[in-house]
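Data first, discussion second: the structure below is written as structure tokens.
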Amino acid sequence: MIFARIWHLLGGKRRRPTSTHMFRQAQRLRDEGRLQDANDLVEAALRREPGNVVGHLLAGSLHMALRETGQARTSFERVLALDATQPRALLGLARIALEEGETAACRDLLTKALTRYPDFPEARALLEIARGLTVDASSKRAATPNGALRTERLRLPAECREAMFMQSDASLVFAEPRGPRSEAVAAGAVKLARVATAMLERAGFGPLRHAVIEGAAETTYVRADDTALLTLAFDHDVKAETAVAHLERVWGSCRSEIA
Amino acid sequence: MSTAAVARPALGRDLRGMLAELLKLEHVVGGLIVAPDGLAIAADLPREVQAEALSALAATLGRELELRGPQRRLGTFPMAQFSSVSGAAFIVSTPIGFIVLLGEPSADGDSIRAALRKMVGNVYRAWTG
């Protein structure tokens with residue numbers, strides 16, 4: 001044990017780990033899910049070798065994993081300053097753009113990445129979503145006032161905290177209650193449904209039909225087909241069977257009202 | 001970094017073992033643990049499913065769910081289930097990333113959600129405790 005310590009001390013003095021070794025070690029830590037340890041190591045290595053593309057790329061990836069979007073963007077931009085078409089950095093920035101609703105920018109970044117590296121399944125999968133969202137935005141109809149669909153005939157359940165019905169292009173048909181952010185929320189729901197559909201289809205399951213999203217304060221039940229989306233939010237104390245029964249009934253009413 | 005942590009992963013730190021345990025659930029056909037940057041930490045998927053594309057989409061979906069919080073006043077999402085006619089995907093958020101399970105239509109949603117909740121508890125205790 002003592003010899004091992006002495007050897008370690010001597011070895012430590014003689015052989016300082018190279019930045020390449022540190023990046024490799026950081027990659028191993030990342031693969032174990034030890035994100036913060038990996039990030040600390042990458043930062044130390046980049047202080048030694050600030051122009052290392054792999055290091056900045058790893059830093060960007062780790063910041064994304066740690067939900068530090070601003071720092072991730074800076075790291076990916078540093079990579080592109082060193083290598084203007086680095087596909088992983090372009091993918092990283094495209095993911096940030098998609099998160100922030102900048103679908104046109106996302107699409108351009110992914111197209112650039114695929115031009116350099118066509119065999120890139122992650123980029124191709126995200127590009128399908130970005131293209132779909134861009135088409136939605138260009139073909140979106142004007143939101144209709146709630147009166148266009150007779151909400152009293154939908155008989156929304158009394159225990160429902162929030163209800164929204166929208167077309168698949170994110171045109172809001174009705175929201176109850178309706179507020180200044182209702183359209184943005186509808187766009188967010190459609191985007192979520194698109195990503196979920198893409199994931200289910202990649203898993204070989206086909207498009208989204210139902211979803212249950214547990215939040216901290218309430219549970220949102222979703223019903224969807226290729227043309228429309230309904231969301232009903234309930235308190236946690238409402239039983240799932242009750243909520244699903246309400247969802248199916250309101251869904252049927254919405255479909256017949258807009259038919 | 002303690003040597004003990006490397007040599008003997010605590011419950012909730014052995015991510016591959018954790019995923020293997022979840023895949024023993026009836027009618028679960030695959031799963032993955034993916035970091036929010038879209039890179040898979042562990043994956044065991046049906047042969048015909050392309051892991052890279054699914055990981056990228058799972059991370060995007062997970063992040064969308066996390067980011068819905070301030071927009072919809074819902075806070076963080078503990079768990080979500082997305083179903084189609086021929087199967088369902090279950091997704092939970094943890095500090096290290098998202099756990100995703102793929103189930104057949106006959107899969108018991110309650111059992112899967114209970115098992116996921118237990119795993120999420122283990123991950124939180126191991127990584128934030």
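Below, chain A is the first sequence line, B the second, and so on; all start at residue 1.
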**Prompt:** Is the number of heavy atoms from other residues, nucleotides or ligands under 6.0 Å of Glu26(B) CD greater than 12?
**Reply:**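 It does not: Glu26(B) CD has 12 such atoms or fewer within range.
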
**Asked** Do other residues, nucleotides or ligands put more than 12 heavy atoms under 6.0 Å from the CZ atom of Arg24(A)?
**Response**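 It does not: Arg24(A) CZ has 12 such atoms or fewer within range.
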
[atom1] of [X] to [atom2] of [Y]: how many Å apart, nearest 0.5 Å?
| X | Y | atom1 | atom2 | result |
| --- | --- | --- | --- | --- |
| Leu54(B) | Arg202(A) | CG | CZ | 9.0 Å |
| Gln50(B) | Glu122(A) | CD | CD | 8.0 Å |
| Leu200(A) | Leu102(B) | CG | CG | 8.5 Å |
| Leu67(B) | Glu100(A) | CG | CD | 9.0 Å |
| Glu99(A) | Glu66(B) | CD | CD | 8.5 Å |
| Gln81(B) | Thr219(A) | CD | OG1 | 12.0 Å |

Closest non-hydrogen atom pair between [X] and [Y], with its separation:
| X | Y | result |
| --- | --- | --- |
| Gly206(A) | Ser86(B) | N-OG, 4.3 Å |
| Ala58(B) | Met199(A) | CA-SD, 3.6 Å |
| Ala53(B) | Pro121(A) | CB-O, 3.9 Å |

I'd like to know which of [options] tops the heavy-atom pair count under 4.5 Å against chain A.
| options | answer |
| --- | --- |
| Ile96(B), Val85(B), Leu57(B) | Leu57(B) |
| Leu39(B), Val29(B), Leu15(B), Ile33(B) | Leu39(B) |
| Pro105(B), Ala51(B), Gly109(B), Gly103(B) | Gly103(B) |
| Val34(B), Val100(B), Val49(B), Thr60(B) | Thr60(B) |
| Pro95(B), Ala56(B), Ser83(B), Ala35(B) | Ser83(B) |

**Message:** Taking every non-hydrogen pair under 4.5 Å, which of Asp31(A), Val222(A), Leu192(A) racks up the most with chain B?
**Reply:**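 Answer, by heavy-atom pair count under 4.5 Å with chain B: Leu192(A).
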
**Message:** Can you tell me which of Lys191(A), Arg95(A), His210(A) forms the most heavy-atom pairs within a distance under 4.5 Å of chain B?
**Reply:**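 Of the options given, most contacts go to Arg95(A).
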
**Message:** Taking side chain to side chain contact (heavy atoms under 4.5 Å, CB included) as the definition, give me every residue that meets it alongside Gln36(A), ordered by chain and number, with sequence neighbours left out.
**Reply:**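 So Gln36(A) forms a side chain to side chain contact (heavy atoms under 4.5 Å, CB included) with Asn39(A), Asp40(A), Leu66(A).
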
**Side-chain ion pair, Arg124(A) and Glu52(B), N-O less than 4.0 Å** =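 Salt bridge: no.
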
**Request:** Check each atom of Arg88(A) against the heavy atoms of chain B and say whether the ones under 4.5 Å are side chain, backbone, both or neither.
**Result:**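 Side chain of Arg88(A) only, per the 4.5 Å heavy-atom cut-off to chain B.
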
**Message:** Please classify the contact of Ala59(B) with chain A as side chain, backbone, both or neither, using a heavy-atom distance under 4.5 Å.
**Reply:**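 The answer is both parts of Ala59(B).
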
**Asked** With distance as the sole test, does Ser84(B) use its side chain to make a donor-acceptor pair with the main-chain N or O of Arg209(A) at under 3.5 Å?
**Response**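 Not a single qualifying donor-acceptor pair exists.
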
**Request:** Decide yes or no for Arg63(B) and Thr69(A): does some side-chain heavy atom of the first lie under 4.5 Å from some side-chain heavy atom of the second?
**Result:**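 Arg63(B) vs Thr69(A): side chains touch.
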
**Request:** Verify salt bridge (Lys or Arg N to Asp or Glu O under 4.0 Å) between Glu64(B) and Arg194(A), making sure each step is shown before the conclusion.
**Result:** CA-CA 11 Å; Glu64(B) 279 302 317; Arg194(A) 270 197 176 274; over 6 Å; no

**Asked** Which of these passes side chain to side chain donor-acceptor pair (under 3.5 Å) with Asp37(B): Arg30(A), His63(A), Arg67(A)?
**Response**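 Exactly one pass, corresponding to Arg30(A).
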
